[in-house]
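What follows is a set of notes on a single structure, which appears directly below.
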Amino acid sequence: GSAKSDRTAGPAAKQATYKIFLIPKFIGIPVFTLNGKGGKEAGKKLGDTVTYNGPTEASAAKQVPFIDTAVRQGYNAIVISANDPNAVAPALKRAQDRGLKVVSYDADAAKDARTVYVSPPDTQSIGAGLVEWVGSQVGYKGQIAILSATTTAANQNAWIAVIKKTLKKPKYKGLKLAKIAYGNDNDTKSAQETQALLQAYPNLKGIIAPTSVGLPAAARVLQQAKKCGSIALTGLATPNSMRAYTKKGCGKKFGLWNEVDFGYLAVYVAHAVLDGKLTGKAGESLVAGRLGRRTIGKNSTMPMGPPLVFTPKNIDKYHF
Amino acid sequence: MRRVGLGVLVRWETVLVLLILAVGVWCRSLSPLFLTRVNLLDLATPYIFIGLMALGLTFVIIAGEIDISVASILAVSVVVLGQIYEAGANIWFAALVGLLVATGLGLVNGFLVAVVGLPSLAVTLGTLAAYRGLAFLIHSGEGVASFPTQFTNIGIGYVWGQQVPVALLVFLGAAVALGFLLHATRFGRYIYALGANREAARYSGIPVTRARIAVFGLSGLLAGIAGLVYVGFFGSSRADAADGSLLDVVTAVVLGGVDIFGGSGSMVGVVLSVLLVAELRNGMQLDNIGGDTQNIVIGVLLLAAILAGNAIRALQTSGLRTRIARASKKEVVRTAGQAEGTT
Amino acid sequence: MKLSPQTLAQAAFRLREAGIFIALTVAVLLFWARANNFMTIANWQDIATDVAIVAVLAVGQTMVVLTRNIDLSVGSIVGLTAYISSDTLAHHHGLPLGVVVLLAVTIGIGLGLVNGLLVTVGRIPAIIATIGTLAIFRGLLFEITNGQNVLAFQLPERFLNLAARKPVGLPFLAWIAIAIAIAGAAVLRWAPWGRDFYAVGSNPDAARYAGIPVGRRVLTAFVLSGALAGLGGFMFAARFASVDAVAGTNLEFDAVTAVVIGGVNVFGGSGTVLGAALGAVLVATIQDGFTLLKLSEFWKMFFNGTAIVVAVTIDALVTQRLQEALRRRRRAEMVAAREQGAAT
Amino acid sequence: MSLVELRGISKAYGGVHAVQDVSFAIAAASTHALVGENGAGKSTLVKILTGVVSPDEGAVIVDGEPRSIGGPSAARRLGIVAMYQDPTVFEDLTVAENVFAGRSPRTRLGAVDWKAMRREASRLLEELGADFAPDAPVRGLGVADRQLIEIAKALSSSARLLIMDEPTAALSLQEVDTLFAVVRRLHERRVSVLFISHRLEEVSRIADTVTILRDGRHVETRPAAELKHGEMIRLMVGRSLDALFPKEEAEIGEPVLRAEGLTRRGVFSNISFEVRRGEIVGLAGFVGSGRTEVARCIFGIDRLDAGRLEIDGRPFTPRSPRAALRRGLAYLPEDRLRQGLIQPMSIERNVTMAVLPELAPGGIVRPRRERRLARSFMERLRIKASSPRQIVRSLSGGNQQKVVLSKWLATEPRILILDEPTHGIDVGTKADVHRTISHLAAQGLAILLISSELPEILGMADRVLVIREGRLVGELSREEATQEAIVQAAAGVAS
Ligand SMILES: Nc1ncnc2c1ncn2[C@@H]1O[C@H](COP(=O)(O)OP(=O)(O)OP(=O)(O)O)[C@@H](O)[C@H]1O
Ligand SMILES: Nc1ncnc2c1ncn2[C@@H]1O[C@H](COP(=O)(O)OP(=O)(O)OP(=O)(O)O)[C@@H](O)[C@H]1O
Ligand SMILES: [Mg+2]
Ligand SMILES: [Mg+2]
């Protein structure tokens, strides 16, 4: 058995074409579907076979079997958005032992379990950006809250850390972080949590929802509560999901990297890693097709680059 | 014996074996990789923690109760284990405490059901939420990740030329032990009696309350052991451990031929059904069939199997009746004979 | 006059609902005291909206549980019908909402029928049958959505505003729930086939002997549950506008919780819609109160679970007391009767 | 013309012929008794007449035309209504709802007409001399009351043939009288009754015609007047029985069980008695007098509020059935199905249920010993079954009762409490059971015999205790004990 995967991952790996397995946190929601789309697009460009599959719930335990079978099927690389950085690590290490390359994207896996992490536009700029976007809308003062995904989502927590750090800066000292609510990447929950925020903090000025499920939900609740005027909303979501609200002034400024590009880049990175062009060292770089040159930063993390910023004016230029 | 021969044909376990073979053939056609030694030996490993919970739940269901809180119990014990280890205690000590906590939580269920006299579905519906909440309250962060290898081997270790997963052995070991407990011991007999007719069991001097508490304690303990394997295999001790695995656990038990209303079922059946589900998922994954489609297939398999089972049971009983028939005819003759004798 | 078993029974019966009522009052007073802006119209409107969908599901669940069955597939049915409703609207903006409701309910009926047939004709225990269909229906939803979702901007305004409307100060969805609850209660009280639910759940064999078409009644219960889940799906779509493949996940737990807290006997035969509805309200209120008290998610989870256990404990104790009282009362009556018999 | 006629009815379960080629006619406005040993096929015929099962062969003729009876409701439409062997009530519903289950009166709008339902129900209960309200929940009513509800149910549905499958099994003399009165009133309404009972004296009292079954075959149908008991028994059993109550002489030894001032509030109070080695003490009284509760308390199922117990002079506190068993007590409960048997289990497992601690040293069950034990009892009590492995559910009532008895004898008790031991058992078997009982006494067991069947008490007991409303109201020696004496004591009528 092991011999088999060695063969495919060993000498075979030197051939130009690879088999790459793209595992999202869970399948079924558009964001990940778009990642898959981008990944496949990149695959076509590079002549690689890209498979997109995963569990139906955001559960690490249910991601692992996909990792293991990918190994057995002789895939050359795994691209994954981890539900639990640690819980998938042993499986990913098994894969690496069998000669596979691992690239994490969106939500990182334990460092020693992947070669490169393709991060959403780097934590720093997103975190800072989110604060700026909300701050600029409320005149840099007032009570704000965060609507996050799950308490344990690595990327969310990273952003929250930066947001807290940024808020300490003199420019933002007017902004007070009242509460961090969790919507569990679940539309229902997110909406209810937003409602809860409105109740608990009558004079809330702004909400930061750095989740593609949470932001539109929040926007909708604000609209239904007729609070779009009084509460500034920002966060991360696809322009399609926000268009209606943004145009009505709910979430006048928010951002996102292009989810299609995200998957696209992740697969390009995986290919480069397989070619041995990327080893995770800071400063290494590659030309990622239509995205141009991208470079690895520290912690062998490659940021998506600055997010696109959507406003009522420019939003109609984007369709994803 | 002729009767056994006839019996075996209509045994549920036999059906499961046939299903496993049939599914095997199908999976083989899905992917050539399915029938490799590595794959066959390893395909169950990711599902062992589910299997272990199922073994415990089997006792509860045969005893005529239900415990839907097992996954939450697992989570609590996992978090406790993680926290204690992080606090610098010896890993095995931490593991022991985890097991004790799990058993304790199980006993709490048992107390509420057997002593306070509440319906187990309601009780464990409550503790399902309460325990999960508890797990998060104990620790809601990333939890410990780096556990010593000699411990994680429970989950990811291999023995015998690095071929056979330890977890699989743990599962089979537990199954054998529990199978013995259920089928060969007095306690096991009590469980069946309880599930079939609790009042009659009580009248017969069976320690009903103690037995019912014990059953839930056992279920908790198994959830705890499942927790060890979980930590070993996934190397994570987070409060959301095993979230969403409840349906898989119940499915395993029921597909194993355990009567959801209690009183009947066998350990072998449950083990087989655990393997069957693992095999099926593995095969479909090797063919990159989507997770959603996999769920549909499992769901359909469950229902189809039960439907088939009902048909078989009908066959079985009619078979039994024919036997009664022959026998009681004989009896009639015999008693008649005696009658002649007495008069 | 002396307390007759009937008055005793009714007393205890009131006790059941009373128990929940007291719990509710206590909770309300507590939150009122501790959390400002709990006792605000806006807040109660939110609670009402939150509870509406669960309440509708709870009514259907009550019917099923009364017949000594359970329907765990409602969450998936809600998801399916929610998506189909909004997807249909997304493609036919002009479609009257009535038609969409009809569509959702019809699909619900179909799925409920599947459950019912599996249980009655297929002789599969309800808990298993509906665990199976829970997975299957959800799987189908994934297939249909194919990773896409319907977004607010694709939907007609009148639909998006449906949930926001508040006739007479009460959210529209809450009105639907109230109507359903009343209808459900009426059925269980006045409709002969509704009464049969109690008989079937109380003693299936006896029901069969009594000539009650047990199979048909159970089927009816599941169909009703499915239909209401369908309606719930429409309400879900109206409330959350954008629907994807995970919509309505775990709603079955909320419904069952409401029913259990509402004092419906999980072994069938006894319980009321009123109780179930109150149960739903209680849960929603506690949730809401905790939010206002800024308690963490995890405390909510913890207390929610504990609340269930406490509720059933109280219920159990009440019924035990009642039975004991009844038996002794009965014996006293027998004695009295015999004394008279002896005297003559 | 006869109301209902059976022509060549056969029914087999799998291969066993429950009934085979049975033919007889039931005349209008008459009581037709159906007698036979356990497993003779009586209940099966009932099920056929009510459409619960359909016959393999033969026809049911109603008013001269053959009918296929699809189910209970179809039967009801033909005017055929049955009270089943075990009362089938809805514990959660009120009495009125039970009476009208499945066919509640409707208002014009088709809604349940509660008023009418209550009115009708109370009228019927009145007629039956029941003393509980139509709104009373059935939970909390006793066996006898439940039996009355069954009757009311039957009456309410304009029956033309009312089938009573062992209706008197759980009834006391008094209640039997009420029932028979009702039956006679029914005749005035041109209603016929198919009456099934193992109590032959009742059969002779009420029946116009008697049909006898044996092993599923029709043996005889004759006017009751022409049938003497001995004759009936001979036809049923296929042989003439030796004395019905064979009493072996056992020398009475020292007291084994002594009870003093046993009290359970609201149930019974200040019950004192003793049972000696080799003695059979009868416990008589009406249903509901509290006999079972006394037994349940002694056996540790219910709590005693006051009083003390001694076994062999050593104090004994009945904490649990387990504790009682350890002290050599055994209790054969009155409700075979609910308290006696584990139906889906095999005979052997039922028989060994109470002796597992002995059978399973170190907690590990020894199947071989188990089977041996079961076999020995199957022979001793002539249990009619294919093997110790047979599932108890498929046995007829009488054989099931024998299995329960075996379970308790297996514990080799020193004190044996029998609660309605021959409840629903046929004469043949009854004789066996009685023989066994007195044999056990002869071997030195102390036996407390609860029975609503006075002949049984009179036949078996050395002493008779009479309980009324939970109080001990009389103690009669074997000589003093007569039907009259006991009834007077039980009813509290001064003689
Ligand atoms: N469901 C069944 N399956 C198999 N055998 C059955 C079934 N019901 C009845 N029998 C058999 O049919 C025969 C007649 O049973 P039935 O209950 O009619 O006897 P019975 O005359 O009513 O006895 P009893 O006086 O004890 O009630 C018995 O041998 C019984 O074992
Ligand atoms: N668990 C119970 N539930 C409901 N009614 C009961 C219960 N136990 C006893 N009863 C009823 O209470 C009354 C008195 O009980 P008990 O059975 O002790 O009287 P008894 O003299 O033993 O009458 P029986 O002839 O039934 O033995 C009877 O009507 C009995 O049926
Ligand atoms: Mg019978
Ligand atoms: Mg009794």
Evaluate whether atom CZ of B:Arg186 has more than 12 neighbouring non-hydrogen atoms of other residues, nucleotides or ligands under 6.0 angstrom away.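 Yes, CZ of B:Arg186 has more than 12 neighbouring heavy atoms, counting only those of other groups under 6.0 Å.
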If you count heavy-atom pairs under 4.5 Å between each of B:Ala201, B:Pro207, B:Gly188 and chain D, which one has the most?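 Heavy-atom pair counts peak at B:Pro207.
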Under 4.5 Å, counting heavy-atom pairs only, tell me which of B:Tyr190, B:Phe187, B:Tyr192 racks up the most with chain D.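 The residue among B:Tyr190, B:Phe187, B:Tyr192 with the greatest pair count is B:Tyr190.
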Hey, mind stepping through D:Thr436 and D:Lys402 against side chain to side chain contact (heavy atoms under 4.5 Å, CB included) and telling me if it holds? CA-CA 11 Å; D:Thr436 321; D:Lys402 290 186 193 174; over 6 Å; no
Given a strict heavy-atom distance threshold of 4.5 Å, which part of [X] is in contact with chain B: side chain, backbone, both, or neither?
X	answer
D:Ile364	both
D:Met353	both
D:Thr411	neither
D:Arg349	both

Give the minimum heavy-atom separation between B:Asp259 and B:Ile61, together with the two atoms involved.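 Nearest pair, atom of B:Asp259 first, then B:Ile61: O-CG2, 3.4 Å.
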Nearest atoms (heavy-atom pairs only) where D:Trp408 meets D:Pro333: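 The answer is NE1-CD, 3.8 Å.
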Selection from D:Gly363, D:Ala354, D:Pro321 maximising heavy-atom pairs under 4.5 Å formed with chain B: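 Max contact count across the listed options: D:Gly363.
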Is D:Arg296 paired with D:Glu334 through a side-chain N to carboxylate O contact shorter than 4.0 Å?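 Looking at D:Arg296 together with D:Glu334, the answer is no, because their closest N to O distance does not fall below 4.0 Å.
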Select all residues of residues 355-362 of chain D having any heavy atom within less than 4.5 Å of some heavy atom of chain B, and report them by number, or 'none'.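 When heavy atoms of chain B are the reference, residues 355-362 of chain D contributes D:Leu356, D:Pro357, D:Ala360 within the under-4.5 Å range.
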Whether the side chain of D:Arg303 engages the backbone of D:Arg319 through a donor-acceptor N/O pair (distance < 3.5 Å, no angle test) should be reported.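 Answer holds: yes.
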Using modelled atom types only, decide if a donor and an acceptor are shared between the side chain of B:Asn197 and the backbone of B:Ala193 within a distance under 3.5 Å.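 Side chain of B:Asn197 to backbone of B:Ala193: no pair is present.
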Going by the rule side chain to side chain contact (heavy atoms under 4.5 Å, CB included), which residues pair with D:Phe316 if we only count those two or more places apart in sequence or in a different chain?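 Partners of D:Phe316 by the side chain to side chain contact (heavy atoms under 4.5 Å, CB included) criterion, ordered by chain and then number, come out as D:Leu309, D:Ile311, D:Pro318, D:Ala324, D:Arg327, D:Leu329.
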Going through the distances and angles, do D:Leu395 and D:Ile347 end up as a side chain to side chain contact (heavy atoms under 4.5 Å, CB included)? CA-CA 10 Å; D:Leu395 297 176; D:Ile347 295 175; 4.1 Å; yes
Quick check: do B:Thr58 and B:Leu178 have side-chain heavy atoms less than 4.5 Å from each other?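 No, too far: nothing below the 4.5 Å cut-off.
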Engaged part of B:Phe180 at the chain D interface, taking heavy atoms whose separation is under 4.5 Å: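 Interface part for B:Phe180: side chain.
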